[in-house]
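Heads up, the thing below is written out as structure tokens.
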Number of protein chains: 2
Amino acid sequence: MPFLTKNAPEQIDMKIMTSALNLFVENGYHNVTVHDIQKRSGVSIGAIYHHFGSKEGVATKLFNHIINELEQLISTITETIESPSEQCKEIIKKLFEYTESKPNIIAFVFHAKHTEFLSGDYLVYNSSPFIKMREVIAKGIECGEFLETDKMAASSCIYGGAIRMIQLRLDGIIEKPITEYYDTIINAAWSGLKAETPAEVS
Amino acid sequence: MPFLTKNAPEQIDMKIMTSALNLFVENGYHNVTVHDIQKRSGVSIGAIYHHFGSKEGVATKLFNHIINELEQLISTITETIESPSEQCKEIIKKLFEYTESKPNIIAFVFHAKHTEFLSGDYLVYNSSPFIKMREVIAKGIECGEFLETDKMAASSCIYGGAIRMIQLRLDGIIEKPITEYYDTIINAAWSGLKAETPAEVS
DNA sequence: GTCTATACGCTGATAGAC
DNA sequence: GTCTATCAGCGTATAGAC
């Protein structure tokens, strides 16, 4: 059964990309050599260059792969749920869950400085998942679920708190799983943090 | 007047650090060679190695220099203003102003992945300015100015929105100076974004 | 398609004159 | 203290066998 001893090409691709992802997140793109990827993935140098052309090729394909995964996550949510406000909550929930279950995928998106290996001036936060996330907010404002504020400012406030938690969690500064903070974050973003002072009388 | 033709040693240090800062932010630490720093600063390779010992030395001293500057900014605010809630606003205001006037300093702090050149597991967000920023929130909760929520979650919500704006501005995704968004951001963080729906009657 | 051994360019760092 | 010229090591990519 020779077809079992040889790996399917997609499996080799995935092996290489998975190893590369973990190494990039652990050490940073430039501190990872092609030989490191070779060792951890178990395939040969030749195979890496045959499949990806270059080290940058590995990073680029990996990046696109992950952006696609994220894009699908967002699309599924916006297609399933009606209310923008609820879509927004679900997006944050899923991002928190991903942060705990697949931290390196999230770290690669939120932590890396992609301009270091992505040629040109491609910007992560202009990629489709992030654009869609901002559109959710825009619709929420239009349909009156959110206060009528500037779209960018509203996006920053709502997702900013969540993204900040993700970053602090990935850095190990927050020690508990952030899924536990979900309700708190949502409540704060929706209703604010100002203490309800008893009506001030002069 | 030979004392005018020769630069004071501190001036050379600053020249090197300023050039390094700009190059690091523009291209990323690993895409900058010592020769690049040499060319832009106008001093010799020898001077760089004499003053800083290594490329990593340049980055480390630069990093400490900037963290100190930020630390002083925060300290001045906490010593001058009484109310934690107002301290917090002032911090965000100053960070926004810095983002516009000295973007590269802010970019170096918020954008860089410092683990790539800082030895050990030193974390930016555990450095003194960020710890102090979180303490401001903690005090605000204690004295009743903020809702009694988890300290980390509250910090993330308040600063997260602002930091997100800074990041989007540095990436060029926000086109207007973010100082214009200051009031909106503060209002959203303090009072929330949920639209005040007319009392729902069944 | 996959492998190993090799080449070539680049970069951080040094040596030694001034 | 400052400079220039040079080195040594590493890391990407390739050549060529299987």
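Here is the naming used below: chain letters follow the sequence lines, and residue numbers restart at 1 for every chain. The model shown is predicted, which means the values in this text are computed figures rather than measured ones.
B/Phe24 and B/Phe108 have parallel rings, their planes meeting at less than 30° on a 0 to 90° scale where 60° marks the start of perpendicular.
Contact annotation for A/Val58: no contact, since no heavy-atom pair falls under 4.0 Å across all strands. Note on B/Thr33: only backbone sugar-phosphate atoms sit closer than 4.0 angstrom, heavy atoms only; bases stay farther off.
In this structure, A/His30 and A/Gly46 both approach DNA chain D, and ranking their closest nucleotides by distance from the 5' end singles out A/His30. Residue-to-nucleotide proximity on DNA chain D shows that, of B/Gln38 and A/Lys55, the 5′-proximal contact is made by B/Gln38.
The phosphate of D/dT2 has OP1 or OP2 within less than 4.0 Å of a side-chain N or O from B/His51.
Of the charged side-chain nitrogens involved, none lies within less than 4.0 Å of a carboxylate oxygen, so that B/Glu142 and B/Lys139 do not count as a salt-bridged pair. For the pair B/Glu69 and B/Lys102, the salt-bridge criterion is met [side-chain N within less than 4.0 Å of a carboxylate O].
Taking the six-membered ring for Trp and the full ring otherwise, B/Phe110 and B/Phe130 have centroids separated by under 6.0 Å. Checked against the 6.0 Å centroid criterion, the rings of B/Tyr181 and B/Phe96 do not qualify as a close aromatic pair.
Here D/dT4 is the nucleotide among D/dG1, D/dT4, C/dT4 with the atom lying nearest to any side-chain atom of B/Ile45. Of the candidate nucleotides D/dC3, D/dA13, C/dG1, D/dA13 has the atom lying nearest to any side-chain atom of A/Tyr49. Checking C/dG1, C/dA13, D/dT12 against every side-chain atom of A/His50, the shortest atom distance belongs to C/dG1.
As rounded to whole Å, 17 Å separates atom C1' of C/dC3 from atom NZ of A/Lys39. The distance between atom OH of B/Tyr29 and atom C1' of C/dT11, rounded to the nearest whole Å, is 12 Å. Distance CG (A/Asp36) to P (D/dG11): 8 Å, rounded to an integer number of Å. Distance NE2 (B/His35) to C1' (D/dC3): 14 Å, rounded to an integer number of Å. Summarising the geometry, the separation between CD1 on A/Ile37 and C1' on D/dT12 is reported as 11 Å, rounded to the nearest angstrom. Between the P atom of C/dG1 and the CD1 atom of A/Ile48 lies a distance of 16 Å, rounded to the nearest Å. As a whole-Å value, the separation of A/Asn31 CG from D/dC10 C1' is 13 Å. Following rounding to the nearest Å, A/Ile16 (CD1) and C/dT2 (C1') show an atom-to-atom distance of 11 Å.
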